[in-house]
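It should be emphasised that the depicted structure is a prediction, and the values quoted were computed from it without experimental measurement. Just so it is clear: chains get the letters A, B, ... in the order the sequence lines come, proteins before strands, and each one is counted from 1.
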Amino acid sequence: MAEFKYDIDQIDAFLKGKMQGEELNAFKAYMQIEEAFSKEVELQKDLLISLNAHFNKELKQKLIQSDKSGAKAINKKLIPNYIKFGFAASVILFLFFGYFFLFQSIDNTAIYTEFYKPYPNIVSPQVRGVENIQTDILQYYEIADYNTAIILLEKELEKNDAPLAYRFYYGLSLMEIGKTDQAIVVLNQVAESGDAKFKDPAQWYLGLIYLKQNDLKKAENIFESIAKSDNSYKKRAGELLEQLN
Amino acid sequence: MTVSISGDKDLFERLRKGDENSLVKVYQLYKGNYISWGQKNFLLSAEECEDIFQDAIIAFNDNIRKKKITELNCSLKTYIFAIAKNLTIKIINKNNREELKDEHFDAPIEPREIVDQMIILSEKQEKIVSLLKFLKEPCYSILKLYYYKSYSMEIIARELNYKNEKVVKSQKVRCMNELKKLVKARFSKGDLG
């Protein structure tokens, strides 16, 4: 930089739009006559844009990570030991089923893994009251304690006016611990409802359950139906069908 | 200027100081609302909404860092939702998915204020980004605090335990020279234009 008339701070000031008047005109004129300097400014601009993009990516990862660590923190705070042991047992059960299905449908496992992602808890504390949903029940789903979520949701679903959200997360919790036959019954009930917010993902997860069970005919039927509709999973159903075929 | 929710004022001050934990808190606070809204109004999947909302939080942070917003005349939620809405519109227009619905949205913010966030990187810039992981301390922290968080040399000196701002300034120049050397060594002259 020593060979140029302007230093790095002045280049930064120019790039950030903080230079004006005669100083700005002189800077631009110097860029015109000094090609090497013009390239130096261009490189500095690329570096600043790249630094910004890199740290933004880092921040995005932090946000994604916060979903996981936030769940762990809630787990630590809320869950007594006996429930933790229950959770551990459910994990073992889940791993057992996962292992069983791995051998049953080895060809489709890769596709399933690629497309499967646990559905987030979309019922935030702000809207729970509005939708008549009890605080904390869905937190157990959120922290992946599906056994506790199932116990609590079953109680709620005995009531006549139980919100559809409960049935939806009940079906997903059953799916998560490997009770796929029960999950199919429950998610079918949600898929037949008129509420697209839960109907659309219910259909998608039904298809994924059949795929995991290696019941390709039923899986394809569901994904084809999603791909032809206005379902919010339309695009991904199309991509999944392409891979199946 | 009026701040709609008193709690937002404290939070906003922390965000202005570059507190990323407060930003994560804001993200967690409003994420669920946005996912419900995005699904209801735009038939997006929850995962798509999550992704858009993360980008909206980053764009919001950009606006604070670049001092495009210095004070709030609406709630944080309204402002962030306005950004998320603009990003949603961009994505839906790109995917040509459905006609947009604006009637469920109450954002008193000019779109121009918030839409120019997602800069598409050139091939050269992408290559430079891939090199930044090789940047070592203290350069990584100094460049992040100076260029990304817009901290003054005085604050950086305090944060990173330097004797004074002059020492940080010299170190920052050395770091940028080191980065340029790294970039020039990695790419041919042609790549660097």
For atom CG of D230(A), is the number of surrounding heavy atoms from other residues, nucleotides or ligands below 6.0 Å larger than 12?
-> no

Note, N52(A) side chain near D62(B) side chain (heavy atom, < 4.5 Å) = yes

Within residues 144-154 of chain B, contacts to chain A at heavy-atom distances under 4.5 Å involve K144(B), Y146(B), Y147(B), Y148(B)

Above 12 or not: heavy atoms from other molecules or residues under 6.0 Å from CD of E137(B)?
-> yes

May I ask you to test the L143(B)-H54(A) pair for a side-chain heavy-atom distance under 4.5 Å?
-> no

May I ask you to name which of L23(B), D51(B), I57(B) has the most heavy-atom pairs under 4.5 Å with chain A?
-> D51(B)

Search all heavy atoms of Q54(B) against all heavy atoms of L63(A) and return the closest pair with its distance.
-> O-CD1, 3.8 Å

So how far is it from I58(B) CD1 to N56(A) CG, rounded to the nearest 0.5 Å?
-> 5.5 Å

Hey, does Y27(B) have a side-chain heavy atom less than 4.5 Å from the side chain of K62(A)?
-> no

Option among K25(B), K31(B), Q28(B) that satisfies the side-chain contact (heavy atoms from CB on, under 4.5 Å) test with S66(A) = Q28(B)

Going from CG on L43(A) to CE on M176(B), what distance comes out if it is rounded to the nearest 0.5 angstrom?
-> 7.5 Å

Atom of L132(B), atom of S50(A) and distance for their closest heavy-atom approach = CD1-O, 3.5 Å

Rounded to the nearest 0.5 Å, what's the gap from CG on N177(B) to CD1 on I8(A)? Could you check?
-> 6.0 Å

Tell me, with the steps shown, if K127(B) and D46(A) meet salt bridge (Lys or Arg N to Asp or Glu O under 4.0 Å).
-> CA-CA 10 Å; K127(B) 285 179 183 175; D46(A) 284 333; over 6 Å; no

How close do S232(A) and S45(B) get, heavy atom to heavy atom, and via which atoms?
-> CB-N, 3.8 Å

Can you measure from CD (Q125(B)) to NZ (K45(A)) and round to the nearest 0.5 angstrom?
-> 7.5 Å

Which bit of L48(A) comes within less than 4.5 Å of chain B, counting heavy atoms only: side chain, backbone, both or neither?
-> side chain

Looking at CG of N61(B) and NZ of K60(A), how far apart are the two atoms once the value is rounded to the nearest 0.5 Å?
-> 13.5 Å

Calculate, to the nearest 0.5 Å, the distance between atoms CG and NZ belonging to D12(A) and K172(B) respectively.
-> 5.0 Å

Heavy-atom distance under 4.5 Å to chain A: side chain of V24(B), backbone, both or neither?
-> both

Could you tell me whether the side chain of V129(B) reaches within less than 4.5 Å of the side chain of K57(A), counting heavy atoms only?
-> yes

